[in-house]
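FYI, side chains are in, hydrogens and waters are out, and symmetry mates aren't considered; it's all heavy atoms of this structure. This one's a predicted model, so the numbers in the text were calculated from it and none came from an experiment. Just so it is clear: chains get the letters A, B, ... in the order the sequence lines come, proteins before strands, and each one is counted from 1.
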There are 2 protein chains.
Amino acid sequence: MNIGTAARQSGLPPKTIRYYEDIGLLTADRAANGYRDYSDEDVHRLRFVQRSRSLGFSVEECRQLLSLYTDRHRASADVKAIATEKLAEIDRKIAELTGLREMLGHLVENCHGDARPDCPIIDGLSGKTRDH
Amino acid sequence: MNIGTAARQSGLPPKTIRYYEDIGLLTADRAANGYRDYSDEDVHRLRFVQRSRSLGFSVEECRQLLSLYTDRHRASADVKAIATEKLAEIDRKIAELTGLREMLGHLVENCHGDARPDCPIIDGLSGKTRDH
DNA sequence: ACTTGAGCTTCCAGCGGCTGGAACCCTTAT
DNA sequence: ATAAGGGTTCCAGCCGCTGGAAGCTCAAGT
């Protein structure tokens with residue numbers, strides 16, 4: 001199948017698929033006319049990458065996962081190690097964002113938001129107020 | 001004061017400060033020897049940007065905030081609008097990450113993580129299991 | 001006076017992960 | 001015959017820095 005069909009079936013734009021081939025993540029066969037030719041298995045792999053990316057794995061991690069995916073003899077512990085590390089990373093990001101949210105939320109709450117020029121948000125950002 | 005001192009006082013690396021000047025976010029005077037020369041007010045602005053960036057505002061948003069910061073007659077509503085939009089964005093990100101965390105967490109929980117090759121994480125990523 | 005080292009200057013290149021665009025080829029339908 | 005809608009390549013740019021090279025200036029030590 002052509003790249004467009006593979007794109008539709010995997011949920012990845014054609015450009016991205018070509019990019020993945022460029023960086024050697026996933027290669028496809030070529031048809032006689034020079035078009036890339038994708039098998040169902042190729043599409044599986046593309047979708048695998050699509051899911052992994054959307055779960056926050058980097059392309060390099062996808063490369064690892066993909067080789068673990070293809071290797072029928074790998075230990076599940078290997079996979080779990082990568083996923084667990086990624087989980088910790090997600091937790092860190094959530095914590096960080098939650099902190100941000102709280103801080104910015106306080107600033108917004110305290111800003112009357114009218115035509116007057118005095119603004120706690122600007123004051124907060126400029127360090128004028130010592131909050132909490 | 002020189003860029004290094006301004007860097008220490010603002011919490012931004014010198015490289016970043018030069019970059020900000022490059023893109024016209026913050027310009028500094030020049031001393032006779034060609035060195036950048038920062039006033040205390042410049043440092044205030046740098047720190048303002050540093051805080052805004054660390055709160056998740058993009059550089060372009062910082063440019064807006066900075067002009068609102070400098071403009072003594074702007075309405076606090078203008079600032080609040082930007083901050084509120086950013087707050088919504090942070091909330092969206094948190095929600096997305098929380099979703100990810102949950103999904104990946106399930107996968108990790110169900111993976112025994114030993115030497116055997118069967119692995120629910122890989123199965124989940126490849127779409128083999130229809131969960132919930 | 002000379003040297004050393006730190007800090008400053010500029011400019012150019014690269015990171016990750018695409019994405020847009022130009023210029024061209026191939027296929028299919030009208 | 002031709003037009004539309006694929007496909008192909010390659011080059012450039014996005015954001016927000018960051019590293020490195022090559023060359024200046026300055027302060028301190030000998």
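For the contact set between residues 56-69 of chain B and DNA chain D, defined by any heavy atom under 4.0 Å, the members are B/Ser58, B/Val59. For the segment residues 40-48 of chain A, no residue has any heavy atom less than 4.0 angstrom from an atom of DNA chain D. Of the residues in residues 1-8 of chain B, B/Asn2, B/Ile3, B/Gly4 come within less than 4.0 Å of DNA chain C through at least one heavy atom, sorted by number. DNA chain D lies under 4.0 Å from at least one heavy atom of each of the following residues of residues 13-21 of chain A: A/Lys15, A/Arg18.
Following chains of ILVMFWY side-chain contacts shorter than 4.5 Å, one can reach B/Leu100 starting from A/Leu65, so the two form part of one hydrophobic cluster. B/Leu107 and A/Ile94 end up in the same hydrophobic cluster when Ile, Leu, Val, Met, Phe, Trp and Tyr side chains are linked at under 4.5 Å.
With sequence neighbours excluded, the residues satisfying side chain to side chain contact (heavy atoms under 4.5 Å, CB included) with B/Leu87 are A/Arg101, A/Leu104, A/Val108. When the side chain to side chain contact (heavy atoms under 4.5 Å, CB included) test is applied to B/Ala28, the partners found at least two apart in sequence or on another chain are B/Glu21, B/Arg36, B/Tyr38. In this structure, the side chain to side chain contact (heavy atoms under 4.5 Å, CB included) partners of A/Ser58, at least two apart in sequence or on a different chain, are A/Glu60, A/Glu61. Applying the side chain to side chain contact (heavy atoms under 4.5 Å, CB included) criterion to A/Pro13, with sequence neighbours excluded, gives A/Thr16. Every residue meeting the ring pair (Phe, Tyr, Trp, His ring centres under 6.0 Å) condition with A/Tyr69, not counting sequence neighbours, appears here in chain and number order: A/Phe48. A/Glu89 is linked by a salt bridge (Lys or Arg N to Asp or Glu O under 4.0 Å) to A/Lys86, counting only residues two or more places apart in sequence or in another chain.
Using a 3.5 Å distance cut-off with no hydrogens or angles, the side chains of A/Thr5 and A/Asn2 do not pair a donor with an acceptor.
You'll find the side chain of B/Ile17 reaches within 4.5 Å of the side chain of B/Ser10, heavy atoms only. Under the 4.5 Å side-chain criterion, counting only non-hydrogen atoms from C-beta, A/Cys119 is in contact with B/Arg74. Annotation: side chain of A/Tyr19 is not in contact with side chain of A/Leu25 (no heavy-atom distance under 4.5 Å). Within the 4.5 Å cutoff, side-chain heavy atoms of A/Cys62 are placed close to those of A/Arg53.
Protein chain A contacts DNA chain D from D/dG6 to D/dC10, reading 5' to 3' and using non-hydrogen atoms of the protein with a distance under 4.0 Å.
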What nitrogen or oxygen pairs link the protein and nucleotides 23-26 of chain C at under 3.5 Å?
none

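The main-chain N or O of B/His106 is found under 3.5 Å from a side-chain atom of B/Asn110 such that the two form a donor-acceptor pair. Looking only at distances, a side-chain donor or acceptor of B/His112 sits under 3.5 Å from a matching main-chain atom of B/Asp118.
One distance of note links CZ of A/Phe57 with CD1 of A/Ile82; it measures 7.5 Å at 0.5 Å rounding.
Closest heavy-atom contact between B/Ala83 and A/Ile121: CB-CD1, 3.7 Å.
Applying the 4.0 Å criterion to OP1 and OP2 of C/dC8, one finds that B/Arg36 has every side-chain N and O outside that range.
To the nearest angstrom, P of C/dG17 lies 14 Å from CG of A/Leu12. The nearest whole Å value for the distance from the CD1 atom in A/Ile23 to the P atom in C/dC15 is 12 Å.
Look at A/Glu96 and A/Arg92 and you find no salt bridge, because none of the NZ, NE, NH1 or NH2 atoms lies under 4.0 Å from a carboxylate O.
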